[in-house]
Amino acid sequence: MESLKSIEELRTLRANLKKNTDNSSRKTVKVCCGTACSAMGARKVVSAFEERAADSRKDIEVIKTGCQGLCQKGPVLMVEPHGYFYQKVSHTRVREILSKTISADAPVRRLLYRESVSDDPIEKMDEIPFYEKQVRMVLRNNGLIDPCNIYHYIARDGYSAVEKILADMSPEEVLNEIKESGLRGRGGAGFPTGEKWEVARNAPGRIKLVIANGDEGDPGAFMDRSLMEGDPQSILEGMIICAYTVGASYGFIYVRHEYPLAVKNLRVAIRQAEQLGLLGDNILGTGFSFTVDIREGAGAFVCGEETALISSIEGERGFPRPRPPYPAISGLWEMPTVINNVETLSQIPLIILKGAEYYRSIGTETSPGTKVFALTGKVVNTGLIEVPMGITLREIIFDIGGGIIGGKRFKAVQTGGPSGGCLSEEHLDLPVDFDSLAEVGSMMGSGGMVVMDEDNCMLDIAKFFLSFTQKESCGKCPPCRIGTYQMLQILEKITSGYGEEGDIDRLEAIGNIVKKGSLCGLGQTAPNPVLSTIRHFREEYEEHINDKICKANVCTGIGVYRIEGSECFLCGLCKEVCAHDAVKETITGFYIETDYCTKCKACYTICPVKAVKIGKEVLPWVIPEQCEGCSDCVDACIVHGLKMYKTSKEGIFLPWLEDPDICVSCGKCAAVCATGGIILTIHTEDAKERFLHKRPLGLKVDEKEPPDTCEEEAAEQTGTNATDNEATTR
Amino acid sequence: MDMDRIDLDSEIGRIGAHIGAQDRRRGLLIPLLHKIQEDYGYLSGEALERLSKKLEMPLSEIYSVASFYHQFYFTPRGRKIVRVCMGTACHVRGAGKLLDNLQQRFNVGIGETTEDMAMTLETVGCVGCCGLAPVITVNEDILGEAGSKNLELLLESIEEDQG
Ligand SMILES: Cc1cc2nc3c(=O)[nH]c(=O)nc-3n(C[C@H](O)[C@H](O)[C@H](O)COP(=O)(O)O)c2cc1C
Ligand code: SF4
Ligand code: SF4
Ligand code: FES
Ligand code: FES
């Protein structure tokens, strides 16, 4: 790689590179080697291509790209010039691709994307619904180029923006263009980038710095990772433009240590840019100098916060610092420092090249441009997506994401990770931008988007995020350190069935104190997941507290467990798995002894036919008008809890549960009844009382006559022994 | 790592020319801790003492900084580092149960190492392939859809290692 001495040389290089790619008749296979695809065996696919192509002397180029987006269907690859997009490619299919697509230019049909097995295949990437609504600006190169080859980047107009500003734009002009574009930071808070740059530009100081924030710590997000892995040069280019604008001469990229591939690709990118003379002293012979170093984090979420990040680079514990002074005035080593998210920076070259006006034409008035999201959770297509701001949640979840898995019901979507909140069905048509999300108590955040269905419990999600922030709180501010802990304790209490009246108010009160009394963004937003779920899913909190049930059956330790006899097919797994010996067996079925049950959910999880039910306590209820007195239910009862009783009306007998405590709610009585004369239902305390006084609705059980008289008949009918019956009754 | 061979002035990068000697040394603390850990697998007391001499920084300061960050370890770790992803997507798809399973099967707590040093069990935030949730990483490798057969294979390989 020879160093470029002038802007002219860069232009010539690009022109040559473009000519070469245009004229090349070589077929190209672009194999996604992003994290997800690699985990599914993409590297094996690459080596299979390389080996087999060499064997069969086929002249193909194999490019290892970054994430192409549709991670769930990995490994994915694209063959050019045809543009065929293959998914779930195993290395054993490589031979077929070579013989069909490379030699005969025909698609391998079974590898094409299909909406479902019975749908027609879709040949090209951009015809797939997942990609159709996307606008790829930040991800313009992701998945198309080899991130470790700077020439690929340059051939796709890379470094044209640097060329443009160095050739004919003054720093003021660049600054105006960025301000004009309305670009807002993608790191979470949405601060206008132009303004930040202006402050740093005007700040006094000989040496100024630029930091790219790639610390992505949101537990459900991988946009920044994919960008750093898939298109690192675009981040460098953004940093160079920023440095030129604010007059900075040194830069750092702060990367999360848990992202080794990102670190590696960024290192390669920096080395190549240095070799080409795009970084270092006297860039392209213009006299402008800028160098970039990498700093790795060490696993502290709070270090994504800009002032904590500065502490960390300085070699301190990662404590945030009070602002002002803002880093743009006094940052790293007290030098004016611009800190931008990597996604923000990678948009900069595009704005310079295409102009602020073009940029503003995408997205909304107050939030122009696009946003990359990591779409995950219970959607059909999970992966990396980029959409124009202002798109609705519905479009993202149903058009791009393909709806909820298994046709279940959509329940909520969580945006903004641990700082954000859960939105419900009523918000599906909400435009996604910084301001609309904030209005309903959530946040754009860095771009994690987790979709939840009816099987997810909102309290569980709130607890999940809160326990994350509670663990990650640096401990400097008591409201954050202690408040999050207290809130977690309350949530813990509610979800294990000990919720009390007033808990919701307590959560809200503490949440507001934590928000007000915390120094940094972590504490200021930590209560959001709880507060937003209270706001939008209050009834779910109430159910947990008042009724002691979790409708989604997620929380353990809450609800009453029973085995539905009509569904149970007597496999006995529940009895085997119960560590507390709470599953008992009778001659006709299994039941759960509630006194022993710890509500651990082991039986619920293991039951192959979902016959274990969790909910409120249910008991049989006799409807005298429907009952024909056949006593089938008495025979069916697995604990012999039912007996036939004589009622006040001559000749009419009804089944009756003498002691509600014996009933194990197996439901067999209701299942065998042909006329609907006995059903299983939730009883009020009042109704339970009535049981004990043997007063069925409408008819009175004869109280004067002791039940023994009917017991004889019952025994006669059922063929069971009366004394036996009595024993169980007691 | 040969502590003596490290040249503090070049290691910090070009910014070193503009900051004081003390800032330079401090700025190298975390990168050097990473280096030590890469070489030895953990931060041994002996290595930290040498670092303290090299950076002319009290040992207590070094411990103070290192203990803030979750990725620094002060005890030796197992041959296989098994990390269960506790990210949102994996949580939603049952990572908790998976973690319980592993804990029971190997009788270790989170952050602990089996007695024979075969494996260390840890948790990690999203590793970036939520599409494959639940996800486990084993050293540098990623194991997707770990609820199933994949997991059995992993467990067997660890158990074999345990002998
Ligand atoms: C707890 C916390 C964590 C953060 N984590 C990140 C992060 O991982 N990446 C990031 O770019 N910004 C993160 N931020 C935001 C940064 O403080 C800062 O606002 C951002 O990097 C500025 O860049 P932008 O203007 O381009 O958005 C975090 C903020 C807080 C309070
Ligand atoms: S709000 Fe929390 S994380 Fe932020 S500085 Fe205070 S204690 Fe630390
Ligand atoms: S929930 Fe647990 S304790 Fe209760 S019956 Fe089922 S397995 Fe036994
Ligand atoms: S990693 Fe291959 S598509 Fe995302
Ligand atoms: S949440 Fe586990 S990989 Fe993202």
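Hydrogens, waters and symmetry mates are skipped; everything else that's a heavy atom, side chains included, is used.
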Colleague: Answer with side chain, backbone, both or neither: which region of B/Ile142 has an atom nearer than 4.5 Å to a non-hydrogen atom of chain A?
Modeller: both
Colleague: Within the structure provided, determine whether A/Asp460 and B/His91 are in side-chain contact (heavy-atom separation under 4.5 Å).
Modeller: yes
Colleague: Between chain A and each of B/Arg24, B/His70, B/Gln37, count heavy-atom pairs under 4.5 Å; write down the option with the most.
Modeller: B/His70
Colleague: Measure distances from A/Phe252 to the heavy atoms of chain B and classify the residue's part below 4.5 Å as side chain, backbone, both or neither.
Modeller: side chain
Colleague: Look up atom CG in B/Leu143 and atom CE in A/Met40, then write down how far apart they are to the nearest 0.5 Å.
Modeller: 10.5 Å
Colleague: Using heavy-atom distances under 4.5 Å, tell me whether A/Asp281 contacts chain B through its side chain, its backbone, both, or neither.
Modeller: both
Colleague: Contact part of A/Phe301 toward chain B, heavy-atom cut-off under 4.5 Å: side chain, backbone, both or neither?
Modeller: neither
Colleague: What part of A/Met223 gets closer than 4.5 Å to chain B, counting heavy atoms only: side chain, backbone, both or neither?
Modeller: neither
Colleague: At their closest point, which heavy atom of B/Phe72 faces which heavy atom of A/Ala298, and how far apart are they?
Modeller: CE1-CB, 3.6 Å
Colleague: If you define the side chain from C-beta out and look only at heavy atoms, does anything of B/Ser64 sit under 4.5 Å from A/Arg317?
Modeller: yes
Colleague: In terms of heavy-atom pairs under 4.5 Å, which option from A/Thr382, A/Asn381, A/Asp218 contacts chain B the most?
Modeller: A/Thr382
Colleague: Is the ring centre of B/Tyr69 less than 6.0 Å from the ring centre of A/His257?
Modeller: no
Colleague: So what's closer than 4.5 Å to chain B heavy atoms on A/Leu332: side chain, backbone, both or neither?
Modeller: neither
Colleague: Could you go through the side-chain contact (heavy atoms from CB on, under 4.5 Å) check for B/Ile15 and A/Thr291 one step at a time?
Modeller: CA-CA 9 Å; B/Ile15 186 73; A/Thr291 51; over 6 Å; no
Colleague: Quick check: are there more than 12 heavy atoms from other residues, nucleotides or ligands sitting under 6.0 Å from CD of B/Glu11?
Modeller: yes
Colleague: Report yes if some heavy atom in the side chain of B/Arg14 is under 4.5 Å from a heavy atom in the side chain of A/Asp293; otherwise report no.
Modeller: no
Colleague: Given that the side chain runs from C-beta out, which part of A/Leu261 has a heavy atom under 4.5 Å from chain B: side chain, backbone, both or neither?
Modeller: neither
Colleague: For B/Gln71 and A/Glu258, what are the C-alpha separation, side-chain angles and deciding distance, and is it a side chain to side chain donor-acceptor pair (under 3.5 Å)?
Modeller: CA-CA 9 Å; B/Gln71 289 284 325; A/Glu258 291 90 324; 3.2 Å; yes
Colleague: I'd like to verify something: which residue of A/Gly34, A/Ala36, A/Gly417 has the highest number of heavy-atom pairs under 4.5 Å with chain B?
Modeller: A/Ala36
Colleague: Around B/Glu115, counting heavy atoms of other residues, nucleotides and ligands shown, do more than 12 lie under 6.0 Å from its CD?
Modeller: no
Colleague: Heavy-atom distance under 4.5 Å to chain B: side chain of A/Ile313, backbone, both or neither?
Modeller: backbone
Colleague: Check each atom of A/Cys303 against the heavy atoms of chain B and say whether the ones under 4.5 Å are side chain, backbone, both or neither.
Modeller: side chain
Colleague: Can you confirm whether A/Glu334 is buried at CD, in the sense that more than 12 heavy atoms of other residues, nucleotides or ligands lie under 6.0 Å from that atom?
Modeller: no
Colleague: Please say whether more than 12 non-hydrogen atoms of neighbouring residues, nucleotides or ligands are located less than 6.0 Å from NZ in B/Lys54.
Modeller: yes
Colleague: Let's go through B/Leu29 and A/Glu316 carefully: what are the C-alpha distance in whole Å and the side-chain angles of both, what is the deciding distance for side-chain contact (heavy atoms from CB on, under 4.5 Å) to 0.1 Å, and is it a yes or a no?
Modeller: CA-CA 9 Å; B/Leu29 176 55; A/Glu316 309 271 353; over 6 Å; no
Colleague: Less than 4.5 Å to any heavy atom of chain B: does that hold for the side chain of A/Ser312, its backbone, both, or neither?
Modeller: both
Colleague: Non-hydrogen atoms of chain B under 4.5 Å away: do they reach the side chain of A/Ile461, the backbone, both or neither?
Modeller: side chain
Colleague: Atom CG of residue position B/Asn107 - does it have more than 12 heavy atoms of other residues, nucleotides or ligands inside 6.0 Å?
Modeller: no
Colleague: Could you look at B/Ile12 and say if it's the side chain, the backbone, both or neither that has a heavy atom under 4.5 Å from chain A?
Modeller: both
Colleague: Taking only Lys NZ, Arg NE, NH1 and NH2, and the carboxylate oxygens of Asp or Glu, determine whether A/Glu314 and B/Arg26 approach each other closer than 4.0 Å.
Modeller: no
Colleague: Quick one: CH2 on A/Trp333 to CG on B/Asp23, what's the gap to the nearest 0.5 Å?
Modeller: 7.0 Å
Colleague: Given B/His18 and A/Tyr250, is the side-chain contact (heavy atoms from CB on, under 4.5 Å) satisfied, shown in steps?
Modeller: CA-CA 11 Å; B/His18 305 284; A/Tyr250 301 96; 2.9 Å; yes
Colleague: Below 4.5 Å from any heavy atom of chain B, which atoms of A/Val302 appear? Answer side chain, backbone, both or neither.
Modeller: side chain
Colleague: Does a side-chain heavy-atom distance below 4.5 Å link A/Pro219 with B/Met86?
Modeller: no
Colleague: Mind checking the CZ-NE2 spacing from A/Arg295 to B/His34? Nearest 0.5 Å is all I need.
Modeller: 10.5 Å
